[in-house]
Amino acid sequence: MTTTRFPYRNDGEYSKRIHPVMPNQLECDVAVIGGGPNGLMTSAYLAKAGLNVILLERRGEIGGGLATEEILYPNHYANTHAIYHMMVEYMPAFKDFNLGQRGLLWVGPNAQTGMIFSDRSSILLHRMEEDTYDSIIKYSQEDADKFIGWIRKLHKMMDELLAPGTYAPPLPAVELAVKMHRTQIGQELMEMMEQTPYDIICQTFKHPKVRAVFLYMTCMWGLDPSETGLAFLVPLMISRGMQKYQCYGGSHKLAGIFGKEIVANGGTIIENGEVVKILVENGKTTGVELFDGTIIKAKAVASSLDPNTTFNKLVGEPNISPGLAERSKTWKADKWSLYSLHILTPKPLEYDVQDELRINESLMNIMGFENEDDVMKFFLDVRAGKLNNIGGHATCETLYDPTLVDIKGRHVSKFQFPAPYALDGDPKNWESRKKDIENKVLDMWFSHLRGMSKDDIIKLTSESPVDVETRIPSMIRGGIKHGDYNALQMGYYRPDETCSSTRTPIQGLYVCGASTYPGGMVTGGPGYIASNAIVEDMGANKWWQEPAFITRYVTDYLKD
Amino acid sequence: MSKNPRYDVIIVGGGPNGLGIAAYLSKCGLKVCLCEARLEVGGGCETIEPIPGFRIEPHASYNYAGASPAWEQLDLGRFGLRMVPANVWGTAATQDCKRVTCSSRWNPEAVREAGRMWGEEVAQQTEAIYSVLETQECKDFLRSIFWTPPPPDGYSTDPDDLPWVKAIKNLPLINLVYDHSWLDMSVLDITNIICSEEAQKVGLSIAAWDSGPEFTSKGMGIVGLADTFLIMYASASPLGGFHSYAHATMRCALAHGCTILTNSPVEEIIVENGEAKGVRLADTSPSADKVIYADKAVISNAHVQKTFLEMVPSRHLDKGFYQRVKDINLNGGSLFKLDMIVKELPRFKDKAGEFMDKYPACSNVFPVDNMEVLLNQRNAANVERRHAKSKDEMILRCVRQSVYDPTRCPPGYHILYNYIVVPPPEYHRDGPEACNKASEEIVDLMLSHFRDYCTNMGDDNIVAKYVCTPYDSSFRNVGFVGGNWQGIRACEDQWGVNRPLPELARYRTPIDKLYLCNQTSHPGGLALMAVPYCLMHILIEDLDLKPGSWWYPSPYYISDREVKTGEI
Ligand SMILES: Cc1cc2nc3c(=O)[nH]c(=O)nc-3n(C[C@H](O)[C@H](O)[C@H](O)COP(=O)(O)OP(=O)(O)OC[C@H]3O[C@@H](n4cnc5c(N)ncnc54)[C@H](O)[C@@H]3O)c2cc1C
Ligand SMILES: Cc1cc2nc3c(=O)[nH]c(=O)nc-3n(C[C@H](O)[C@H](O)[C@H](O)COP(=O)(O)OP(=O)(O)OC[C@H]3O[C@@H](n4cnc5c(N)ncnc54)[C@H](O)[C@@H]3O)c2cc1C
């Protein structure tokens, strides 16, 4: 047989004979690579600053991790990637773009995170401290008392240091340490750094069930429970784990709003626009080239992809220093990814628990663990590429967002857990064991449900770490953060000490994605910091004002 | 809460026609708000990725809009739209797989080679048709039908005054055989005049049926013929799938200041003193304001029945009118759709297989040489009101966009979009859920049909299957009442000056300031950007719009004023 797949080239012929379509040469001030939350925010800030922006997205939809897709086709949607928005109160973009007034709604119920045990008991963590206190006290008065003081401290660390730190460029580790030591709260944070997440949780709480829920919450997004040096993420994960919001109408809605902002300010969005080359001349970037031969000339380029892709694959050796090439090549992917099983049922899920009435209103419920040792073992297994016992977290997405289904009354839910990319050493195992894993997950999950059996499932689909990578190849090995969280890849070193300010050694090239300081998740941090840098470097109109909580951090904590 | 927001124009629905008119009016400087019920705009122009890496199109897949003025006027290329030309557009196999017919604007060699299988005369005939496509007269002919509003009430009934009669008389080759008796013909009748082989007749009939009127529908022959020209003329699809087209149009609207509210179903079109004043959104809308006002117009991109039977309170409507809307026929475009992910393209047997391997096409039809089968499928759906149940009712269409568009799926795979026509769920003799219940049987029949023609369509080649019935479509997109891809039947009673009803043909309605802009208005289904272009002519008059120099009207347009003052 001759070839059955043809490459597509944007050669301008169609424009000549039939219709004017997109030209194969374009020009702009800034070309942004990748339409995930960071690329979108960068583009939106810059477009509104009067720069001519072209955003290039490989997929047919912008959004990256902000994806709401009809995966239970036809008629039923789910958030395939990010669903829990954890920085809603802090992200400067919310005020800068007036998102609340723009038809964007977040639902953040008081019942935030439950953990359900095999004896039908449960813990339910709430946004409101007192409610959480009441739930913990069932297990331990001491832990409940401890919780209140602890959570207040963590929220304070969040408000004063961690949240503003998310939106200000990083300082070298030593310099930051010196500055942190000047305040008590800073000192406490630095002390935490020396411990492992596991130690911190076990020192704080006594009861195994209480430890279990906090340990899972701390590590579910990719923090290694036995790694030191990163424990500043513990307060962040715990504090945010009780302040999660779901985006009404799907997470993709957030992407849509930034998309509108870009276009309304004269920017262009090109989907199906995979960048295959960043053009560099004399140490300065001049634009990008797309897979179909389209050339986009640009004065600056901002890449939201990981450093190996940006520097080694798209820029290429002759234009980067051997040091940067080497460091990018050894960039470590996330230790684990996420597995998700999505189901469609005729009614909402009802958990069979005896104590917490509100568990069925909870945004997330964790199950499959009895104590901190189970949780620890689970993460160590995952890190080793194993999946021995299934445990994880579940969300009924339509509980707070009925718009995800076209057929009223039906419900879409997901069960998700941290999962290795190479299962038992080989990513292909996900495909060969697909049915088996789906069944195991369902058995465990449904053992906690009341009034519903597996036969009630109308449709089902699962997405493994390999699937995460297939949808979005820049999530290498299914990495949800574009790169491991370890001491050498965090803070000032993310992705590299020469680039963590978002500026790179190549003039006009910036990095602005999850592999750049401060890291992954829908925080908008890298995008915000890059926007500041680019606007300043290009002398454009910085139309936004730094929020007071960031200014306070910079002037109070970081001043020399 | 803030005072209820006011706009110049509110558009109900974000399908291609709603987006198109939003873009046009925003570009004219009006303050426009578009409310879409679903979480994404696009209506019938969607591309989704149900499993990672594979993109399928729930509805529209072929682009027909090559001759549309709108692309140029709205500058859709500036908003990222790229087209993937299909080097070979379609091939169709005979029952014995010994011959094929082939359609391709870009590959004359393939057309010639296929034509020769039927003899030198047929080869020359076919080539000649393709030469017509390259003429300005062809574009004019298409525009006279699709991109011209129906003439106003009171306009001349002399056939020589009809735009498309004027245009067809200039159309090379066709003008040699045209006479006014064509006006009463069906596609089938016309094929009897212009084709010599049964395969050509079936080919044209099915192309017309899948793009517009039923091939047996009297008086719709010219339109059906024009529909087949539309396909051949465009011969390309939007890169990345049909949703890209919606994106480009949406972004044109946004760039000109349009406000778009998604997840915002309109529950009521607010009418006061016979005039549309605004809309009321469902409580589920994230918009803080559930009531929005429009000073100049409310434009419904929803199905005509949704508009008048559900959104406009019935107390504002005349009973007779209400009944006529209810009576609108939904037949003729409900598709049972089977999407498949395969490792190899279907490998046809014999000579057909050799040809198709040499010239992989964007679509296949089989069998192409038996009019009986085509009639059987039509009769099952429209007369007996049931889905096809046996192979002698099975003529299958298979769309394969992944051949030319590398973004549809990873290398080593293909996406097949297969369909047959079935009755709208409302009309199915076994009830609305009949096709859903019989889904497995229908799929088996389709697969068994595949296996009669192809050697490699076993289970090992098929990675995944997705079914979408018309019933599913009608939930997915509340615009598709009956799951009908063209909204309502395209027949003489419901086309041109009669679409969807004579009193609605010029997009105006019995409610002042309420206009229609859905495929249920002229010229009907397909994402042609034709409804908004036509509606613009009316709105320029009614709203006194002053579009810039980018705008040009249809040369065939006849204004109400012209009819009233006898200026023509
Ligand atoms: C299953 C899953 C669940 C998650 N859940 C949550 C959650 O609940 N809460 C949360 O906060 N975070 C969550 N995350 C993490 C979050 O989605 C990511 O950290 C975040 O999206 C990163 O944003 P980004 O803009 O840096 O990159 P991305 O969102 O990855 O976007 C990068 C974009 O670049 C595009 N791209 C790739 N290569 C090219 C190229 N060559 N040219 C052009 N474009 C290209 C990609 O298609 C993609 O759209 C989850 C992630 C996954 C996978
Ligand atoms: C299976 C199938 C295959 C097709 N194949 C092709 C093809 O290959 N090529 C082609 O050109 N065309 C094709 N079509 C037809 C094409 O999709 C339609 O002609 C086109 O989408 C009609 O556009 P529209 O804007 O008039 O209506 P729609 O696309 O139906 O859009 C109407 C919009 O209005 C919204 N809406 C409805 N009610 C409300 C309300 N109360 N409030 C707010 N919003 C509302 C709907 O959600 C929808 O988004 C196909 C259709 C189907 C079903």
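What you see below is based on every heavy atom in this structure, not just the backbone, and it leaves out hydrogens, waters and symmetry mates. So you know, we letter chains A, B, ... as the sequences are listed, proteins then strands, and number each from 1.
Between A:Lys435 and A:Glu438 a salt bridge is recorded (basic side-chain N to carboxylate O distance below 4.0 Å). Electrostatic pairing of B:Arg476 and A:Glu70 counts as a salt bridge here, judged by a charged N lying under 4.0 Å from a carboxylate O. Here A:Arg471 pairs with B:Glu49 in a salt bridge; the nearest charged N to carboxylate O distance falls below 4.0 Å. A salt bridge links B:Glu134 with A:Arg17: the distance from a Lys NZ or Arg NE/NH1/NH2 to an Asp or Glu carboxylate oxygen falls below 4.0 Å. Taking 4.0 Å as the cut-off between side-chain N and carboxylate O, B:Arg38 and B:Glu46 count as a salt-bridged pair.
Contact annotation for B:Ala37: neither backbone nor side-chain heavy atoms come within less than 4.5 Å of a heavy atom of chain A. Using a 4.5 Å cut-off between heavy atoms, B:Arg55 touches chain A through its side chain atoms alone. Residue A:Leu56: no heavy atom, backbone or side chain, is found under 4.5 Å from chain B. Neither the backbone nor the side chain of B:Leu76 comes within less than 4.5 Å of any heavy atom of chain A. Using a 4.5 Å cut-off between heavy atoms, B:Tyr233 touches chain A through backbone and side chain atoms alike. When heavy atoms are compared at a cutoff of 4.5 Å, A:Thr68 approaches chain B solely by way of its side chain, counted from C-beta outward. Of the atoms belonging to B:Pro410, it is backbone heavy atoms, and not side-chain ones, that fall under 4.5 Å from chain A. Contact annotation for B:Glu40: only side-chain heavy atoms (C-beta onward) come within less than 4.5 Å of a heavy atom of chain A. Contacts between B:His247 and chain A at a heavy-atom distance below 4.5 Å involve the side chain alone, from C-beta outward.
Note on A:Leu404, A:Thr470, A:Ile270, A:Asp467: by heavy-atom pairs under 4.5 Å with chain B, the leading option is A:Asp467. Of the listed residues (B:His243, B:Glu72, B:His414), the one with the most heavy-atom contacts under 4.5 Å to chain A is B:His414. With chain A as partner, the option from B:Thr407, B:Thr284, B:Val478 having the largest number of non-hydrogen pairs under 4.5 angstrom is B:Thr284. Per-residue heavy-atom pair counts under 4.5 Å with chain B were compared for A:Leu72, A:Asp292, A:Leu104, and the maximum is reached by A:Asp292. Of the listed residues (B:Ser287, B:Gly53, B:Cys468), the greatest number of heavy-atom pairs within a distance under 4.5 Å of chain A belongs to B:Cys468. When the candidates A:Glu469, A:Glu69, A:Glu271 are compared by the number of heavy-atom contacts under 4.5 Å with chain B, A:Glu271 comes out ahead. If you tally non-hydrogen atom pairs under 4.5 Å between each of B:Thr259, B:Val467, B:Asn87, B:Ile260 and chain A, the highest count goes to B:Ile260. No other option in B:Thr47, B:Asp472, B:Asp339 has as many heavy-atom pairs under 4.5 Å with chain A as B:Asp472. Comparing B:Trp71, B:Phe79, B:Trp106, B:Phe54 by heavy-atom pairs within less than 4.5 Å of chain A, the highest count is held by B:Trp71. Counting heavy-atom pairs closer than 4.5 Å to chain B, the top-ranked of the candidates A:Lys408, A:Glu13, A:Arg59, A:His19 is A:His19.
No side-chain heavy atom of A:Thr398 sits under 4.5 Å from any side-chain heavy atom of A:Arg410. Here the side chains of A:Ile71 and B:Ile51 are not in contact, with every heavy-atom distance at 4.5 Å or above. At a threshold of 4.5 Å between non-hydrogen side-chain atoms, the residues B:Asp405 and A:Tyr8 do not count as touching.
For B:Phe336 against B:Ser439, the heavy-atom pair with the smallest separation is CZ-O, 4.0 Å.
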Problem set entry | ring-ring contact (aromatic ring centres under 6.0 Å, His included) between A:Trp430 and A:Tyr339, intermediate numbers included | CA-CA 10 Å; A:Trp430 284 110; A:Tyr339 168 97; 5.6 Å; yes

For this session: For the pair A:His81 and A:Ser251, evaluate side chain to side chain donor-acceptor pair (under 3.5 Å) and give the outcome as yes or no after the intermediate values.
Result: CA-CA 9 Å; A:His81 299 80; A:Ser251 295; over 6 Å; no

For this session: Could you walk me through whether B:Lys290 and B:Asp283 pass salt bridge (Lys or Arg N to Asp or Glu O under 4.0 Å), step by step?
Result: CA-CA 7 Å; B:Lys290 302 291 190 272; B:Asp283 288 344; over 6 Å; no

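Seen from the ring of B:Tyr417, B:Lys337 counts as a face-on cation partner, given the 6.0 Å and 45° thresholds.
The six-membered or imidazole ring of A:Tyr248 lies away from that of A:Tyr400, with a centre-to-centre distance of 6.0 Å or more. If you look at A:Phe94 and A:Trp106, their ring centroids are closer than 6.0 Å.
Taking 4.5 Å as the heavy-atom cut-off, the residues of residues 252-262 of chain A that approach chain B are A:His252, A:Lys253, A:Lys260, ordered by number.
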